[in-house]
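First up is the structure itself, then whatever we jot down about it.
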Amino acid sequence: MKRQLALICFALGSARRRAGRSFALGFALALVTFALSAVLFLTEALRREFRLAVATLPDLTVQQLAAGRPALIAEQEQAAIAAIPGVIAARPRVWGYYFVSSLSGNFTVVGVDTDDGAVRRDLALVSMNGRLPSSNVSGEVVMGAAAAAFFGLEPGDAITLPVGRAEKRLQLVGVFRSEVGLWTADVLLMSEADAREFLHVPPGYCTDLAVHLSTPDEATVVARKIADRLPGARIVDRQLMARTYDLTFDTRGGLLGAMLLPALVAFLVLVWDRLTGVGTGERREIGVLKAVGWQTGDVLLARSWENAAIAFQGAAVGIVGAYLYVFGARAPGLAEVLMGWSTLYPALRLTPAVEGGQMLVLLCLAVIPFVVAGLVPAWRVATQDPHGLLRGTV
Amino acid sequence: MIPFRLTDRRASSRPARARTFKFRQLVGLLLMVASLWLMGWDAAHRRSGREAHTASIRAVVRLLGTADLALSSSSRWLRHPSITEPGAAFADGPAILDNDPAGAALGLPREVLAGFSAEPDVPPLMRERR
């Protein structure tokens, strides 16, 4: 232990003697680690948010296809699906999109049964600054915070929006809480009757059917039975939805990671160039150490400690910096790239999802290649004749 | 006259400076370890805080019927990638620019798109040969 401490002290002294080189390498490593960590932090955090929510989804979602695209489905199909063994409930849902040209984007319009006790309990849990929409009064709406801010509305305010050739007056009665902002930023939630009017969904039809099963593992079997009864339907399985999301973020994160590859390669070239070129001073230093009795192993150990100290500090600065950038500053710049182009961003309050093990792997990925790259040239010099090294003839 | 100084003040102060530097370096390393530990602690604290909101998240998913994150409202395909026309990034306008940064280069694996449909497997193509 004492010997290792002495070697670490010597290694730190060596790093001081080559302060410029040490700083340049540490800084480059910090930059590369920062970029890769930020992508990892952001991707994992978004994926975690989706996973928190996925358990509540219906087991199956049944959509009608027309001309290869989702179309309205007749509500009467609900009875056929509910009769299948294992189906607890098949609920018609009315939801859709409302395009606003000045925003160049869509709002998500969701209709709910505002008389339903369970719906009112859920609404009371997730909305604030107002009251719940009433089924007796037309046009009452709960909005996501980003949507309300876009329209410039406070609870109690009203706005009239064009719906086809007519107009619809909406009164904001509540805003969704910030903790569910990732799901509700662009949502306009209203009574089912208002949603039908807003989205032009005729009575007897709905957007899709949400199917809940007694045994979720039987989803594939029930999906096949539904497909037999409704040949033109598309059945979306909850597990497949989760898998799609995972793959979407894998793809986006992977693509960003791939974009960072040139920076990583440039860094590796820099490391190789800096560490393989053992300078005259370093050769003399190794010569002196060998002359005063150091073994080759001691020289290599001291060199490893020196490189490990530089790499660890650089990587740690990069990782901590990325953490502050993503979870403190909310990833300006990177978030927009990862999310895609939009004009209605949710307030990004993410929760870290990367665990200690992954952090350790990230640290090792930065430190180990750095240490190994410096070992070979040091070994080549350390095995030379000390006199030759001191005289500068080898 | 021998150009040699027995006492070099700068040389005598070097070991002290080196010791200070090593001390600073060690403190720097310890600070790095401490900041990584602090980061882990903060992450665990934030996670436990988020767990308290699980009931709200589940309630909002029950209300909306979908767990898709409202990250991008620019097209339906980006808003609800799990249930809105998977793969049809161009449905919102003819020759529209694909806003999904990944979609510009890479698509979803085919088995995912195939898996979205629970329809019976499509029989192999019947080729007509002369």
Side-chain angles (χ1 to χ4, degrees), chain A residues 9 12-13 16 46 49-50 52-54 56-57 61 69-70 93 95 97 105-106 108 110 112 122-123 125-126 177 179-180 182-187 189 210 223-224 227 234-236 240-241 243-245 247-248 251-252 255 309 312-313 316 320 323 337 339-342 344 346 351-352 356, chain B residues 18 21-22 25-26 28-29 32-33 35-36 39-40 42-43 46-47 49-50 53-76 78-86 88 91 99-103 105-106 108-109 112 115-120:
Chain A
C9 281
L12 294 178
R16 180 184 71 97
L46 287 171
E49 293 295 324
F50 180 75
L52 272 179
V54 83
T56 324
L57 283 173
T61 305
R69 302 175 70 175
R93 300 190 304 196
W95 66 277
Y97 303 99
N106 293 288
T108 304
V110 179
V112 291
D122 285 343
L123 258 177
L125 195 63
V126 298
R177 289 183 181 277
E179 59 256 29
V180 292
L182 266 177
W183 290 269
T184 58
D186 64 340
V187 167
L189 187 135
R224 288 208 179 276
R234 185 174 73 190
I235 299 109
V236 184
L240 279 169
M241 274 189 206
R243 201 174 149 212
T244 306
Y245 237 81
L247 286 166
T248 304
T251 316
R252 291 183 185 189
L255 193 75
F312 175 75
Q313 289 195 62
V320 173
Y323 185 86
V337 174
M339 289 178 188
W341 175 83
S342 180
L344 210 63
T351 311
Chain B
F21 181 80
K22 281 176 196 168
Q25 276 273 46
L26 275 172
L29 276 172
M32 282 297 111
V33 174
S35 56
L36 284 174
M39 195 184 89
D42 181 62
R46 283 176 189 240
R47 270 199 292 269
R50 192 60 174 156
H53 294 143
T54 307
S56 303
I57 293 165
R58 293 195 171 158
V60 90
V61 173
R62 274 196 297 272
L63 284 170
L64 304 181
T66 167
D68 287 317
L69 305 177
L71 299 178
S72 178
S73 55
S74 53
S75 82
R76 291 169 291 150
L78 289 177
R79 177 61 180 89
H80 292 112
S82 65
I83 49 173
T84 301
E85 302 175 82
N99 300 316
D100 187 341
L106 301 164
L108 286 172
V112 171
F116 261 90
S117 172
E119 291 165 13

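Atom set for the values below is all heavy atoms of this structure, side chains included, hydrogens, waters and symmetry mates excluded. Chain letters run A, B, ... following the sequence lines, proteins first and then strands; every chain starts at 1.
- Contacts between Leu189(A) and chain B at a heavy-atom distance below 4.5 Å involve the side chain alone, from C-beta outward.
- A donor-acceptor pair is defined here as one N or O able to donate and one able to accept, closer than 3.5 Å; no such pair exists between the side chain of Arg62(B) and the backbone of Asp122(A).
- Partners of Arg58(B) under the side chain to side chain donor-acceptor pair (under 3.5 Å) rule, at least two apart in sequence or in another chain, do not exist in this structure.
- Inter-residue side-chain proximity for Val61(B) and Val180(A) is flagged as unmet; no heavy-atom pair is nearer than 4.5 Å.
- Contacts between Val187(A) and chain B at a heavy-atom distance below 4.5 Å involve the side chain alone, from C-beta outward.
- The most heavy-atom pairs under 4.5 Å with chain A, out of Leu63(B), Leu36(B), Val33(B), Thr54(B), come from Leu63(B).
- Evaluation of the salt bridge (charged side-chain N to carboxylate O under 4.0 Å, His left out) rule for Arg50(B) yields Glu49(A) as partners, not counting sequence neighbours.
- Of the listed residues (Ala43(B), Ser35(B), Gly40(B)), the greatest number of heavy-atom pairs within a distance under 4.5 Å of chain A belongs to Ala43(B).
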